[in-house]
Trainee: 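Supplied in structure tokens, the structure appears directly below.
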Amino acid sequence: MAPVYDHKKIEKKWQDIWLASGAFAADDTSNKQKLYVLDMFPYPSGSGLHVGHVEGYTATDIYSRFKRMQGFNVLHPMGWDAFGLPAENYAIKTGIPPAKTTNDAINTFRSQIKALGLSYDWSREIGAHNPDYYKWTQWFFLLLYKNGLAYKKKALVNWDPVDQTVLANEQVLPDGTAERSGAKVEQKELEQWFFKITDYADALVDDLDQVDWPESTKINQRNWIGRSEGALITFPLKNSVSKLDVFTTRPDTIFGATYMVVAPEHPWLAEALSKTKSAIENADEVRKYIEKAKQKTDLERQEEAKEKTGVELKGVKAINPANHEEIPIFVADYVLGSYGTGAIMAVPAHDERDGAFAKKFNLPVRQVVAPHFVDASNPPRPDKKNVPRVVVQGIVRNPKDNMVLQVIWKQQPWKTFVIGGAEEGEDLVEAVKREVREETGYKNFATVERVGVEMRSEWFANHKDENRFARMHVFELVLANEDRDELSTQEQEKHSLEWVAFKDIPMVFGPVGEMPLIWPALNDLKRGTIYTGDGILINSGKYSETESQEAKKKITEAVGGKWMKTYRLRDWLISRQRYWGAPIPVVYDPEGAPHPIPEEHLPWLLPTDVEFKPKGTSPLGQSKELLERTEKIFGKGWRPEIDTMDTFVCSSWYYYRFADPKNEKEFATKEKIKKWLPVDLYVGGAEHTVLHLMYARFFTKVLQKMGYVNFGEPFLKLRHQGTILAEDGSKMSKSKGNVINPDEIVERYGADSVRLYEMFMGPLEAMKPWNTKNIMGVRRFLDRVWRLEVSASGGGEVAMDAAIQKITEDMEKMKFNTAISALMIVLNQFEDIGSAPRASYENFLRLLTPLAPHIAHELAEKHGIDISTWPSYDATKITSADVTVPIQINGKVRASLIISKNTGQTEALTAARELPEVKKWLALGKEMKAVYVPGKVISFQTEQV
RNA sequence: GCCGGGGUGGCGGAAUUGGUAGACGCGAUGGACUCAAAAUCCAUUGAUCGCAAGGUCAUGAGAGUUCGAUUCUCUCCCCCGGCACCA
């Protein structure tokens with residue numbers, strides 16, 4: 001009788017062994033290939049580790065152990081993002097210093113993490129609140145300052161009038177009240193420090209292409225940065241020397257600009273109103289509107305977004321530089337002062353917001369872009385180029401006058417229209433067929449030349465030099481089984497319905513770049529709808545019939561505009577009127593001018609002689625020690641900066657420190673950075689898709705520019721762990737009392753069971769509910785592994801090679817749920833044959849090691865098995881010569897057949913017809929068609945009765 | 001509203017260069033062992049019709065292409081995440 005699987009004893013034993021031996025220390029000198037596997041370092045909160053942490057950390061641990069077994073030199077460290085608001089808020093409540101609560105929390109976290117058997121290199125542990133760490137956070141501030149990337153300016157901040165303190169955005173509830181005091185938050189202008197992240201906006205967008213990150217995270221970052229390209233165009237004012245600049249992404253619509261709008265904050269407006277004799281006739285009304293708009297919070301602006309408001313500036317007109325028309329100017333708060341130039345040209349026909357405004361104020365709408373429809377290319381097929389193809393799907397007509405409103409196009413993989421051409425003297429049909437064969441790889445198809453499609457001769461003449469063809473036409477292409485020139489009558493009939501609709505509208509065809517461009521004749525357009533897409537210009541003077549993209553450039557140039565980029569991204573405000581953070585290393589001379597603190601005085605220590613009571617300024621302002629220190633070093637009358645840095649500054653560079661955590665001279669040596677960075681795999685929650693990940697990328701780009709590192713992206717591969725929900729599918733929260741405490745689960749079922757369970761729940765990135773019953777399933781699996789008998793020699797067949805291949809691939813892709821499932825299948829096979837053959841068992845334990853390391857090590861020791869290397873497999877043993885092929889008759893599986901892989905079509909079909917099941921079903925109708933897809937399926941089609 | 005990701009048994013989830021849907025696990029039902037219970041083991045377990053053999057239906061809904069669709073195309077519904085007057 002095997003002894004009972006006592007997880008507590010075994011897990012403690014191995015954790016002690018690993019700790020004592022420093023088993024997971026990364027080797028700075030090894031020649032083995034390095035791999036840097038990193039978790040987002042946690043904020044050590046007082047409530048301890050939660051199951052979400054466990055999920056991410058287990059995933060990186062499994063991956064690290066797997067890679068070590070494959071011979072990599074793995075750096076897998078852990079540290080603490082220890083500065084932050086919760087500890088300070090707790091101090092305000094209790095008076096206990098944040099350093100104390102934070103260190104207690106770190107001790108809890110560390111012991112919880114150790115109890116999970118996670119293979120961190122503890123010799124590299126760091127804490128962002130330790131002076132030997134924040135010394136370098138301050139050093140980074142100085143680096144940015146020296147390079148003009150840190151500056152001070154006035155900014156609006158969230159001000160809590162009850163607590164007399166500035167709040168971070170996340171401390172302001174959606175209804176505009178303070179989370180702590182419940183007071184209505186005010187906007188207050190204060191001098192603040194900023195990092196000039198906007199200098200790197202382009203690199204932050206462009207370099208996303210280089211990294212292996214979830215697509216959604218990249219998109220979030222792109223949206224946040226919000227780069228858009230457009231034109232800066234100047235609109236002169238009538239009877240004035242003043243001009244208004246607008247930014248627009250759609251200079252092609254300028255002929256439709258029937259009015260202008262300036263933001264209430266626009267400086268020109270303030271100036272115009274301040275003059276004793278303002279040109280604005282209704283100045284009072286305008287002032288009133290501006291005052292009202294100022295009082296609106298962002299929230300109110302949002303809520304009122306649907307209803308547009310504004311006031312016309314009477315007596316002032318702008319001149320549209322494209323057509324020299326006089327147009328009115330409005331002030332309206334739907335235009336933001338902080339974006340672009342704070343002024344727009346309004347094109348109500350082609351912009352939803354301008355359209356809504358024009359409707360309310362009854363302003364003229366002029367349509368200047370006619371929609372066209374450019375079809376995207378097909379999904380790529382292996383070894384074949386993509387070919388653009390379009391088909392009419394539907395036509396929307398106005399029932400009153402039977403006018404065509406819209407033509408809907410769609411792509412169809414089996415049938416397509418191609419626009420083909422031929423050179424002088426060449427046969428058109430042959431030329432098209434040759435081209436289609438080359439471009440698509442299709443060998444068998446029929447073509448039909450489509451009459452009724454009107455080629456516009458003047459359009460063609462205009463674009464002649466862009467096209468190498470002398471003649472062009474539209475063909476319908478139908479894929480066929482044989483090579484034919486014509487469609488059968490039957491086939492033609494089949495498609496005739498669509499065609500009838502198609503040929504009724506006059507169409508214009510022509511190539512733009514590589515895409516066919518198709519648009520309905522201009523006079524068939526519906527008037528008055530807001531069309532925001534690209535198209536063909538109409539009512540635009542000499543630019544009419546020009547395509548949007550082309551017109552953008554041409555018009556911008558013609559009106560003297562400048563092509564430029566704008567961004568939504570703002571500089572990073574890093575000042576916090578808070579105690580528990582890294583002090584900003586700046587002092588002010590008696591005149592109040594800021595001076596960076598010289599490096600030799602770093603770390604610029606956080607003082608401890610403060611009270612944690614909200615008093616209206618940063619708690620550092622009360623510190624006698626800090627003031628005395630400043631005066632002692634810099635002289636009488638000098639004052640310290642009393643704000644601290646946003647904690648995101650600390651976490652923007654910590655991944656460098658792990659490479660060289662004890663260095664007192666540099667944040668890390670160039671050699672060690674070169675040795676370990678960039679991070680190969682980074683795992684953390686999806687809540688950091690924008691802020692942390694973007695700030696960290698910004699720091700790395702600065703380091704690259706300054707020559708400290710030779711790469712521009714710190715995290716090559718990023719994965720997010722999904723949220724773990726409570727058993728009822730709701731979010732876990734303390735207030736609901738449905739939080740699962742990992743300690744209890746580890747105590748009860750063991751660390752290996754918890755690890756295995758969290759990985760078995762589903763895909764790493766998925767949001768999934770906790771289910772304590774399901775832990776019993778993986779625990780039972782481990783119990784059975786524990787009880788498994790091992791036999792000296794083989795007692796049956798177990799397909800280990802296939803399992804090794806499957807699990808190796810799953811590990812690489814971090815599909816741990818299916819890897820565990822594959823191990824369960826192997827165990828089931830062992831049990832079916834009564835015991836595990838020794839050779840298979842050895843590999844089974846090796847495969848199990850990264851996932852459930854404690855039990856695997858214990859069993860390996862018991863049986864004398866070396867589990868330090870990952871097993872390999874023999875690929876020839878995985879694929880067998882025979883395959884089981886299902887047989888479908890009229891699409892339903894009726895039988896299956898075991899045949900050799902090399903069996904030919906005729907032979908396979910003959911063998912299939914011999915089967916009684918097949919005979920029975922084939923007897924019901926006349927056989928029409930038989931297909932054998934080698935190794936996959938046999939399919940019969942019979943005449944349906 | 002826009003962008004992105006999803007929707008498969010009672011539950012968590014497998015399977016997509018189109019090829020036997022539901023792997024693996026949980027739960028459930030029946031049985032063995034036991035005085036009994038727990039643990040363990042064996043069997044069954046998508047729905048439905050049928051005594052059975054065997055059918056039929058089924059991957060959010062509806063259509064389409066195909067010998068064959070969870071997988072491709074179109075329309076619609078729902079859920080989750082992000083952004084939201086960004087010109």
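Letters A, B, ... mirror the listed sequences (proteins, then strands); counts begin at 1.
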Trainee: A/Y5 has an atom OH; how far is it from atom C1' of B/U40, in whole Å?
Mentor: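 Answer to the nearest Å: 18 Å.
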Trainee: A/F940: which residues meet the ring-ring contact (aromatic ring centres under 6.0 Å, His included) condition with it, sequence neighbours left out?
Mentor: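 ring-ring contact (aromatic ring centres under 6.0 Å, His included) check on A/F940 returns nothing, list empty.
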Trainee: Mind checking whether A/P251 and A/M345 have side chains closer than 4.5 Å, heavy atoms only?
Mentor: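 With C-beta onward as the side chain, the pair stays apart.
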Trainee: Quick one, A/L232 and A/T341 - any side-chain contact, counting heavy atoms below 4.5 Å?
Mentor: yes
Trainee: To the nearest Å, give me how far apart NE2 (A/H688) and P (B/G82) are.
Mentor: 13 Å
Trainee: Provide the distance between the two C1' atoms, one in B/U20 and one in B/A15, to the nearest whole Å.
Mentor: 12 Å
Trainee: I'd like to know if A/D783 pairs up with A/R787 as an ion pair, taking the criterion as any Lys NZ or Arg NE/NH1/NH2 lying under 4.0 Å from an Asp or Glu carboxylate oxygen.
Mentor: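 Between A/R787 and A/D783 there is no salt bridge, as every charged N stays at least 4.0 Å from the carboxylate O atoms.
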Trainee: Assuming nearest nucleotide by heavy-atom distance, tell me which of A/K815 and A/I219 is located more 5' along RNA chain B.
Mentor: A/I219
Trainee: With both distances under 3.5 Å as the test, what is the Watson-Crick or G-U wobble partner of B/A37?
Mentor: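 Result: none.
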Trainee: Not counting sequence neighbours, list each pair that qualifies as a side chain to side chain donor-acceptor pair (under 3.5 Å) and has a residue in residues 754-766 of chain A.
Mentor: A/D61-A/R755
Trainee: Which base sits across from B/G10 as a Watson-Crick or G-U pair, both distances under 3.5 Å?
Mentor: B/C26
Trainee: Given the P atoms of B/G10 and B/G18, what is the spacing between them in whole Å?
Mentor: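 Their P atoms lie roughly 30 Å apart.
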Trainee: Would you mind classifying the nucleic acid contact of A/R779 as base, sugar-phosphate or nothing, using non-hydrogen atoms under 4.0 angstrom?
Mentor: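 Nothing, no nucleic acid heavy atom in range.
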Trainee: Look for any protein N or O under 3.5 Å of an N or O in nucleotides 26-34 of chain B and output each such pair with its distance, or none.
Mentor:
from	atom 1	to	atom 2	distance (Å)
B/C26	OP1	A/R780	NE	3.0
B/C26	OP1	A/R780	NH2	2.9
B/C26	O4'	A/N774	OD1	3.1
B/C26	O2'	A/N774	OD1	2.8
B/G27	OP2	A/R780	NH2	3.0

Trainee: Closest to the A/F760 side chain: B/U40, B/G12, B/U56?
Mentor: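 Among B/U40, B/G12, B/U56, the one nearest the side chain of A/F760 is B/G12.
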Trainee: CG of A/L208 versus P of B/G4: gap in Å, rounded?
Mentor: 16 Å
Trainee: Under the salt bridge (charged side-chain N to carboxylate O under 4.0 Å, His left out) rule, what pairs show up with a residue in residues 335-345 of chain A, not counting sequence neighbours?
Mentor: none
Trainee: What integer number of Å spans the C1' atoms of B/G9 and B/U45?
Mentor: 10 Å
Trainee: Can you identify which nucleotide, out of B/C85, B/G19, B/G13, has its nearest atom closest to the A/P763 side chain?
Mentor: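 Between B/C85, B/G19, B/G13, the one nearest the side chain of A/P763 would be B/G13.
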Trainee: I'd like the P distance from B/U65 over to B/G12, given in whole Å.
Mentor: 35 Å
Trainee: Of the listed nucleotides (B/A23, B/C85, B/A87), which one gets closest to any side-chain atom of A/T248?
Mentor: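 Selected nucleotide (nearest to the side chain): B/A87.
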Trainee: For a quick test of reading the model: is some side-chain N or O of A/R568 closer than 4.0 Å to OP1 or OP2 of B/A84?
Mentor: yes
Trainee: Between B/C24, B/A14, B/A87, which nucleotide has the shortest distance from any of its atoms to the side chain of A/T818?
Mentor: B/A14
Trainee: Answer yes or no: does a side-chain N or O of A/W921 lie under 4.0 Å from OP1 or OP2 of B/G55?
Mentor: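 Yes, within the criterion.
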Trainee: Of all the nucleotides listed (B/A87, B/G25, B/G19), which has the minimum atom distance to the side chain of A/T249?
Mentor: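 Selected nucleotide: B/A87.
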Trainee: What is the distance, to the nearest angstrom, from the CD1 atom on A/I225 to the P atom on B/C83?
Mentor: 14 Å
Trainee: Considering only atom P, compute the distance from B/G25 to B/U73 and round it to an integer number of Å.
Mentor: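 After rounding to an integer number of Å, I get 34 Å for this pair.
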Trainee: Have a look at A/R894 and say if it touches a base, only the backbone sugar-phosphate, or nothing, with a 4.0 Å heavy-atom cut-off.
Mentor: sugar-phosphate
Trainee: Spell out yes or no: do the side chain of A/Q888 and the base of B/G19 have one donor N/O and one acceptor N/O closer than 3.5 Å?
Mentor: yes
Trainee: Looking only at the side chain of A/K308 (C-beta and beyond, no hydrogens), which of the listed nucleotides B/G81, B/G13, B/C85 gets closest?
Mentor: B/C85
Trainee: Rounded to the nearest 0.5 Å, how far apart are CD1 of A/I254 and CD1 of A/I233?
Mentor: 4.0 Å
Trainee: Separation of A/I825 atom CD1 from B/G13 atom P, in whole Å?
Mentor: 18 Å
Trainee: Say we look at B/G46 and B/A21: how far apart would their C1' atoms be, to the nearest angstrom?
Mentor: 10 Å
Trainee: Watson-Crick or G-U wobble partner for B/G50, using a 3.5 Å limit on both distances?
Mentor: none
Trainee: Hunt down the Watson-Crick or G-U wobble partner of B/C2, both distances under 3.5 Å, from any strand shown, or write none.
Mentor: B/G82
Trainee: Going by purine N1 to pyrimidine N3 plus the second Watson-Crick contact, or the G-U wobble pair, all under 3.5 Å, which nucleotide sits opposite B/U73?
Mentor: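 Paired with B/U73, as far as the under-3.5 Å criterion goes, is B/A63.
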Trainee: Rounding to an integer number of angstrom, what distance separates B/U44 and B/C35 when you compare their P atoms?
Mentor: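 Going atom to atom, P in each nucleotide, I get 28 Å.
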Trainee: Going by atom types only, do A/H7 and A/S753 share a side-chain donor-acceptor pair under 3.5 Å?
Mentor: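 No - no donor-acceptor pair under 3.5 Å links their side chains.
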Trainee: For A/E789, does the CD atom have more than 12 heavy-atom neighbours from other residues, nucleotides or ligands under 6.0 Å away?
Mentor: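 No - once you tally the heavy atoms of other residues, nucleotides and ligands closer than 6.0 Å, there are 12 at most.
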Trainee: Partners of A/F357 by ring-ring contact (aromatic ring centres under 6.0 Å, His included), sequence neighbours excluded?
Mentor: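 Only A/Y259, A/F330, A/Y334, A/F361 meet the ring-ring contact (aromatic ring centres under 6.0 Å, His included) criterion with A/F357.
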Trainee: So A/T566, base contact, sugar-phosphate only, or nothing? Heavy-atom distance under 4.0 Å.
Mentor: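 Touches nothing.
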Trainee: Flag the pair A/K768 and A/E55 as a salt bridge only when some basic side-chain nitrogen lies within less than 4.0 angstrom of an acidic carboxylate oxygen.
Mentor: yes
Trainee: State which of B/C24, B/U20, B/G13 makes the closest approach to the side chain of A/P769.
Mentor: B/G13
Trainee: Write down the distance separating the P atoms in B/C42 and B/G55, rounded off to the nearest Å.
Mentor: 31 Å
Trainee: With heavy atoms under 4.0 Å as the rule, sort A/W213 into base, sugar-phosphate or nothing.
Mentor: nothing
Trainee: Look at all strands and tell whether A/D783 reaches a base, only sugar-phosphate, or nothing, counting heavy atoms closer than 4.0 Å.
Mentor: nothing
Trainee: So which nucleotide does B/A15 pair with, by the Watson-Crick or G-U wobble rule with both distances under 3.5 Å?
Mentor: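 Check on B/A15: unpaired, no WC or wobble geometry under 3.5 Å.
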Trainee: Tell me the interatomic distance from A/D354, atom CG, to B/A87, atom P, rounded to whole angstroms.
Mentor: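 Answer to the nearest Å: 12 Å.
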Trainee: Just checking A/K806: base, sugar-phosphate only, or nothing, at a heavy-atom cut-off of under 4.0 Å?
Mentor: nothing
Trainee: Not counting sequence neighbours, which residues clear side chain to side chain contact (heavy atoms under 4.5 Å, CB included) with A/R222? List them please.
Mentor: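 Only A/V205, A/L208, A/D209, A/E215, A/K218, A/I219 meet the side chain to side chain contact (heavy atoms under 4.5 Å, CB included) criterion with A/R222.
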Trainee: From C-beta outward on A/S216, which listed nucleotide comes closest to its side chain: B/C83, B/A14, B/G4?
Mentor: B/G4
Trainee: Between B/G19, B/G13, B/C80, which one does the side chain of A/M767 approach most closely?
Mentor: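 Nearest to the side chain of A/M767 among the choices is B/C80.
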Trainee: For the pair made of NZ in A/K360 and C1' in B/C85, what is the distance, rounded to whole Å?
Mentor: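 My rounded result for the distance is 14 Å.
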Trainee: Please give, in whole Å, the distance from B/G13 C1' to A/F816 CZ?
Mentor: 17 Å
Trainee: Here's a test of your reading of the structure: between A/N220 and A/E831, which maps to the more 5' nucleotide of RNA chain B?
Mentor: A/E831
Trainee: What form does the base of B/G9 take, syn (within 90° of 0) or anti?
Mentor: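 B/G9: syn.
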Trainee: Nearest to the side chain of A/Y334, heavy atoms from C-beta on, is which of B/G19, B/C85, B/G25?
Mentor: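 Output: B/C85.
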